[in-house]
Amino acid sequence: MTFKKIAILSASVLALSTCAVSVTESPSTHVVYAAKSKLKTRIAVPKGYTADLIEDWHDSPKSKKLTRKLKRLSRRGMLSNKFYDRRKADKRKVNLANLSNHDQYELSQYALTLINSIRTQLRLSKFTYTASAQNFANDIAKAYNEDNWSDYQGHDISAINRTAKQHGLTQNDNEYEDMCGFDITTGHQYATIYQIKQNIYYNIKQFAFGGFRYHNNQESDKYNLNYYTEWNHANDLFTGDYSQEFAFSPSYLSQEPKYNVQKCTSSHYIHVDPENIEKKSLYEK
């Protein structure tokens with residue numbers, strides 16, 4: 001099978017930073033996108049929102065016409081999609097700094113389901129979860145903690161590259177990670193799976209719809225077109241008609257060093273183009 005390389009964020013493009021405010025959405029706004037008899041986890045894309053449109057913007061980010069169109073479509077996407085999870089009653093707390101293998105798998109599969117729900121609507125092949133990608137994601141999160149690095153500082157390219165080297169992957173400006181932050185803890189690193197899923201859902205909506213993030217922590221912010229600013233993350237995740245290996249892993253800092261934030265969780269959404277595997281035997285271990 002022939003794979004085409006994906007256009008990924010360069011080091012100059014910062015990850016979305018949302019640690020400063022809560023990004024969870026009120027349970028009162030929950031809606032269900034599902035058939036009457038079966039609940040499904042998905043993010044619905046507005047009519048007219050296409051992979052080609054995202055790619056066109058990525059090629060011409062200064063185009064006012066493309067930007068205006070994507071702003072309007074992204075606003076529709078942010079407003080119409082609301083978090084829902086049937087396991088709301090599951091208030092099991094987990095340690096963000098030390099997730100079990102089972103929890104890592106569950107959260108990665110949840111993120112993957114959301115991403116693939118969008119890719120399917122855009123008629124793109126699905127991403128695939130692998131244990132190798134999970135190990136890579138976990139090691140990147142660990143490297144961020146070793147560097148005392150948070151999403152406030154953008155992508156830790158050094159951490160990504162040294163981890164890529166350990167896994168037999170090509171080193172580059174960052175062809176692996178899309179990252180968001182969330183702050184849902186109360187002074188320590190424990191949160192429920194339900195809370196984490198709320199934030200994963202919000203993160204992926206941000207990626208898809210204009211890099212939106214709350215500025216005043218008000219629901220009305222979503223109506224302001226000025227808060228929809230980039231589709232580089234969308235270009236990473238929602239273009240390219242070929243599969244990539246995927247996994248999710250969080251890194252947790254009890255004290256963000258540069259900006260003096262008391263607690264910060266960075267969410268690492270890792271996707272690997274098979275063409276970037278230099279030593280498959282090493283990567284598959």
Side-chain angles (χ1 to χ4, degrees), residues 3-17 54-55 58 99 104-105 107-112 114-116 118-119 124-147 149-181 200 203-204 206-208 211 230-252 265-285:
F3 293 95
K4 181 183 70 173
K5 287 192 176 180
I6 197 167
I8 305 298
L9 292 180
S10 68
S12 62
V13 180
L14 295 181
L16 300 174
S17 297
I54 296 167
E55 287 186 312
H58 185 262
L99 291 173
Q104 290 173 351
Y105 177 79
L107 294 172
S108 286
Q109 287 291 349
Y110 180 74
L112 183 63
L114 293 172
I115 289 170
N116 281 339
I118 295 175
R119 290 185 62 84
L124 304 174
S125 56
K126 295 180 179 180
F127 285 2
T128 304
Y129 173 87
T130 65
S132 298
Q134 186 69 72
N135 290 334
F136 184 40
N138 292 345
D139 286 346
I140 284 180
K142 181 180 177 182
Y144 268 69
N145 283 336
E146 289 173 351
D147 289 354
W149 194 285
S150 80
D151 74 306
Y152 278 96
Q153 297 162 271
H155 295 282
D156 187 349
I157 303 300
S158 175
I160 294 169
N161 275 334
R162 68 176 183 267
T163 306
K165 183 178 180 180
Q166 293 168 4
H167 285 258
L169 297 169
T170 304
Q171 300 175 69
N172 47 54
D173 285 339
N174 177 23
E175 293 193 7
Y176 305 110
E177 177 187 77
D178 283 282
M179 180 176 66
C180 266
I200 290 174
N203 285 169
I204 294 173
Q206 289 178 288
F207 290 149
E230 58 83 16
W231 291 267
N232 291 300
H233 294 83
N235 188 70
D236 293 350
L237 295 171
F238 308 121
T239 64
D241 190 17
Y242 56 98
S243 182
Q244 296 197 50
E245 298 180 22
F246 174 86
F248 162 85
S249 188
S251 61
Y252 175 84
T265 303
S266 298
S267 300
H268 308 276
Y269 300 83
I270 305 302
H271 39 102
V272 180
D273 182 341
E275 280 196 349
N276 284 335
I277 302 174
E278 295 183 326
K279 301 174 183 177
K280 291 187 178 181
S281 60
L282 174 63
Y283 185 59
E284 291 169 353
K285 287 182 180 179

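Numbering starts at 1 and runs along the sequence shown.
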Which value, rounded to the nearest 0.5 Å, describes the distance between Tyr269 atom OH and Leu114 atom CG? 8.5 Å
Closest approach of Ile204 and Ala111, non-hydrogen atoms and distance? CD1-O, 3.6 Å
Sequence-distant partners of Phe246, ring-ring contact (aromatic ring centres under 6.0 Å, His included), two or more places apart: none
State, with a plain yes or no, whether a side-chain heavy atom of Asn232 is found less than 4.5 Å away from one of Asp236. no
Could you state the interatomic distance from CG (Leu237) to CG (Asp178), rounded to the nearest 0.5 Å? 4.5 Å
Kindly compute the distance separating CG (Leu169) from OG (Ser132), expressed to the nearest 0.5 Å. 9.5 Å
For a side chain to side chain contact (heavy atoms under 4.5 Å, CB included) check, start with the C-alpha distance between Asp147 and Arg162, then their side-chain angles and the critical distance, and finish with the verdict. CA-CA 12 Å; Asp147 289 354; Arg162 68 176 183 267; 2.8 Å; yes
How would you list, by chain and number, every residue that makes a side-chain contact (heavy atoms from CB on, under 4.5 Å) with Asn116, sequence neighbours excluded? Leu112, Arg119, Lys126, Phe127
CG on Asp273 to CD on Glu175, rounded to 0.5 Å: 7.5 Å
Suppose we screen for side-chain contact (heavy atoms from CB on, under 4.5 Å). Which residues come up paired with Ala234, at least two apart in sequence or across chains? Tyr49, Ile54, Trp231, Phe238
Can you find a heavy atom in the side chain of Met179 that is under 4.5 Å from one in the side chain of Ile160? no
Just verifying a value: how many Å separate Ile140 CD1 and Asn135 CG, rounded to the nearest 0.5 Å? 11.5 Å
Sequence neighbours left out, what passes side-chain contact (heavy atoms from CB on, under 4.5 Å) with Ala137? Give chain and number order. Gln134, Ala247, Ser249, Ile270
Measuring from Ser266:OG to Trp149:CH2, what's the distance to the nearest 0.5 Å? 11.0 Å
Consider only side-chain N and O atoms of Asp139 and Gln166, and report whether a donor and an acceptor are under 3.5 Å apart. no
Non-hydrogen side-chain atoms of His155 and Asp173 separated by less than 4.5 Å: no
Is there a donor-acceptor contact under 3.5 Å from the side chain of Thr265 to the main chain of Tyr252? no
May I ask you to decide if the ring planes of Tyr176 and Phe136 are parallel, tilted or perpendicular, using 30° and 60° as cut-offs? perpendicular
Just to verify, what does Tyr129 make a ring-ring contact (aromatic ring centres under 6.0 Å, His included) with, not counting sequence neighbours? Tyr105
For Gln104 against Asn138, the heavy-atom pair lying closest together: OE1-ND2, 3.1 Å
Do you know the tightest heavy-atom contact between Ser251 and Asn145? CB-OD1, 3.8 Å
Mark yes or no for whether Ser243, through its side chain, and Ser125, through its backbone, hold a donor-acceptor pair below 3.5 Å. no
Should Glu177 and Tyr144 count as side-chain neighbours, where that means a heavy-atom distance under 4.5 Å? yes
Shortest non-hydrogen contact from Pro250 toward His268: C-CD2, 4.0 Å
